[in-house]
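One structure is given below, encoded as structure tokens.
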Amino acid sequence: MKKKRIIAVFMMGLLLVSGCSLAKNDLDKLEGTWSDGTENGVVFYAPNESGDTHGDAEMITNGNVQNASYEWHESSQQIVIITTDGWGDTVYGTFDYEFLSDTELELTMTGYKDSIGATDDYGGEPVVFEKE
């Protein structure tokens with residue numbers, strides 16, 4: 001009788017562990033092309049290494065594509081997008097994010113940093129992006 005209980009508990013544990021590994025986290029949902037319905041958007045690629053929270057990205061502004069990278073911060077629900085401006089200066093944009101659904105992502109720019117200055121009170125308006 002004890003042996004059957006041990007096996008049952010073991011099997012339930014296996015099911016829980018395997019089920020948890022299949023669950024998508026926000027980083028998994030983030031991967032893909034997101035557009036605001038105009039010529040602006042962002043493409044998030046999967047991290048280069050398993051378990052990493054950094055990866056490559058592309059910023060799309062007025063239809064122009066620019067290489068970028070990102071840092072995903074699960075605990076603060078923020079994404080930092082790193083790119084360069086027209087003068088070659090590295091720019092860090094911090095965005096609060098919220099998934100409204102599996103295909104809708106709301107980004108609000110809350111911080112900005114470049115070689116001239118920085119602010120963590122950017123006050124950007126929320127923008128909803130749809131996954132393509």
Side-chain angles (χ1 to χ4, degrees):
M1 187 68 163
K2 262 188 170 182
K3 191 174 187 179
K4 286 183 182 180
R5 281 188 187 185
I6 291 172
I7 291 172
V9 169
F10 178 73
M11 293 301 285
M12 287 185 347
L14 280 177
L15 288 173
L16 285 173
V17 170
S18 65
C20 290
S21 65
L22 296 175
K24 281 189 163 192
N25 63 27
D26 284 353
L27 185 57
D28 294 332
K29 291 193 286 186
L30 192 63
E31 187 179 331
T33 302
W34 298 88
S35 174
D36 71 353
T38 63
E39 293 186 42
N40 300 312
V42 62
V43 180
F44 294 104
Y45 294 100
N48 296 330
E49 295 181 27
S50 179
D52 198 3
T53 58
H54 299 75
D56 294 327
E58 293 177 341
M59 293 295 300
I60 306 165
T61 308
N62 297 324
N64 297 314
V65 179
Q66 181 180 16
N67 289 331
S69 61
Y70 69 90
E71 301 170 359
W72 172 65
H73 301 273
E74 180 178 25
S75 60
S76 63
Q77 297 273 260
Q78 291 184 324
I79 302 165
V80 178
I81 299 176
I82 303 115
T83 189
T84 55
D85 64 14
W87 296 278
D89 193 9
T90 302
V91 176
Y92 301 81
T94 302
F95 297 83
D96 288 348
Y97 76 90
E98 179 181 354
F99 285 98
L100 304 176
S101 71
D102 285 342
T103 59
E104 290 184 313
L105 171 66
E106 182 179 83
L107 295 176
T108 305
M109 190 167 188
T110 57
Y112 180 88
K113 177 183 168 191
D114 62 13
S115 64
I116 297 173
T119 181
D120 59 357
D121 188 23
Y122 190 79
E125 294 292 320
V127 178
V128 175
F129 293 84
E130 290 192 24
K131 196 168 198 174
E132 295 181 355

ask   = So, the side chain of Asp36 versus the backbone of Gly41: is there a donor-acceptor pair under 3.5 Å, distance only?
value = no

Between CD1 on residue Ile79 and CZ on residue Phe44, distance to nearest 0.5 Å = 4.5 Å

message = With rounding to the nearest 0.5 angstrom, report the OG1 to CG distance, Thr53 to Leu30.
response = 11.5 Å

message = Checking side-chain polar atoms at under 3.5 Å, does Gln66 have a donor or acceptor matched by the opposite partner on Thr84?
response = yes

note = Rounded to the nearest 0.5 Å, the OG1 atom of Thr103 sits from the CH2 atom of Trp34 at a distance of 7.0 Å

key: side chain to side chain contact (heavy atoms under 4.5 Å, CB included), paired with Gln78, selected from Thr110, Leu107, Thr108   = Thr110

ask   = Under 4.5 Å between side-chain heavy atoms, hopping through other hydrophobics if needed: is there a path connecting Val127 to Met59?
value = yes

inquiry  = Looking at Lys131 and Glu31, would you say the former's side chain and the latter's main chain have a donor-acceptor pair under 3.5 Å?
reply    = yes

key: Whether Lys29 side chain and Leu105 backbone form a donor-acceptor pair below 3.5 Å   = no

ask   = Checking Asp56 side chain against Tyr45 main chain: does a donor-acceptor pair fall under 3.5 Å?
value = no

task = Look at the side-chain heavy atoms of Ile, Leu, Val, Met, Phe, Trp and Tyr, link any pair under 4.5 Å apart, and say whether Tyr70 and Val43 land in one connected group.
result = no

inquiry  = Test of understanding: clusters of I, L, V, M, F, W, Y form through side-chain heavy atoms closer than 4.5 Å, transitively. Do Ile82 and Trp72 belong to the same one?
reply    = no

key: Side-chain touch Val128/Glu106, heavy atoms, less than 4.5 angstrom   = yes

query = Looking only at heavy atoms, which two atoms of Val91 and Tyr112 are closest? And how far apart?
reply = CG1-CE1, 3.3 Å

message = Within this structure, what is the OH-CG distance for the pair Tyr122 and Asp96, rounded to the nearest 0.5 Å?
response = 14.0 Å

inquiry  = Please say yes or no: joined through hydrophobic side-chain contacts below 4.5 Å, possibly via intermediate residues, are Met109 and Phe129 part of one cluster?
reply    = yes

inquiry  = Could you report the tightest heavy-atom contact between Val42 and Ile81, atom names first, then the distance?
reply    = CG2-CD1, 4.3 Å

query = Would a hydrophobic clustering, with Ile, Leu, Val, Met, Phe, Trp and Tyr connected at side-chain separations under 4.5 Å, put Phe95 with Ile60?
reply = no

ask   = Side chains of Asp26 and Gln77: does their closest heavy-atom pair fall under 4.5 Å?
value = yes

task = Report the C-alpha distance between Leu27 and Glu74 in whole Å, list the side-chain angles of each, state the deciding distance to 0.1 Å, and finish with yes or no for side-chain contact (heavy atoms from CB on, under 4.5 Å).
result = CA-CA 8 Å; Leu27 185 57; Glu74 180 178 25; over 6 Å; no

inquiry  = Could you measure the distance from the OG atom of Ser69 to the OH atom of Tyr92? Nearest 0.5 Å is fine.
reply    = 8.0 Å

message = Surrounding CD of Glu49 (heavy atoms of other residues, nucleotides or ligands, distance under 6.0 Å), is the total greater than 12?
response = no

query = How many angstroms lie between atom OG1 of Thr83 and atom CD of Glu58, to the nearest 0.5 angstrom?
reply = 10.5 Å

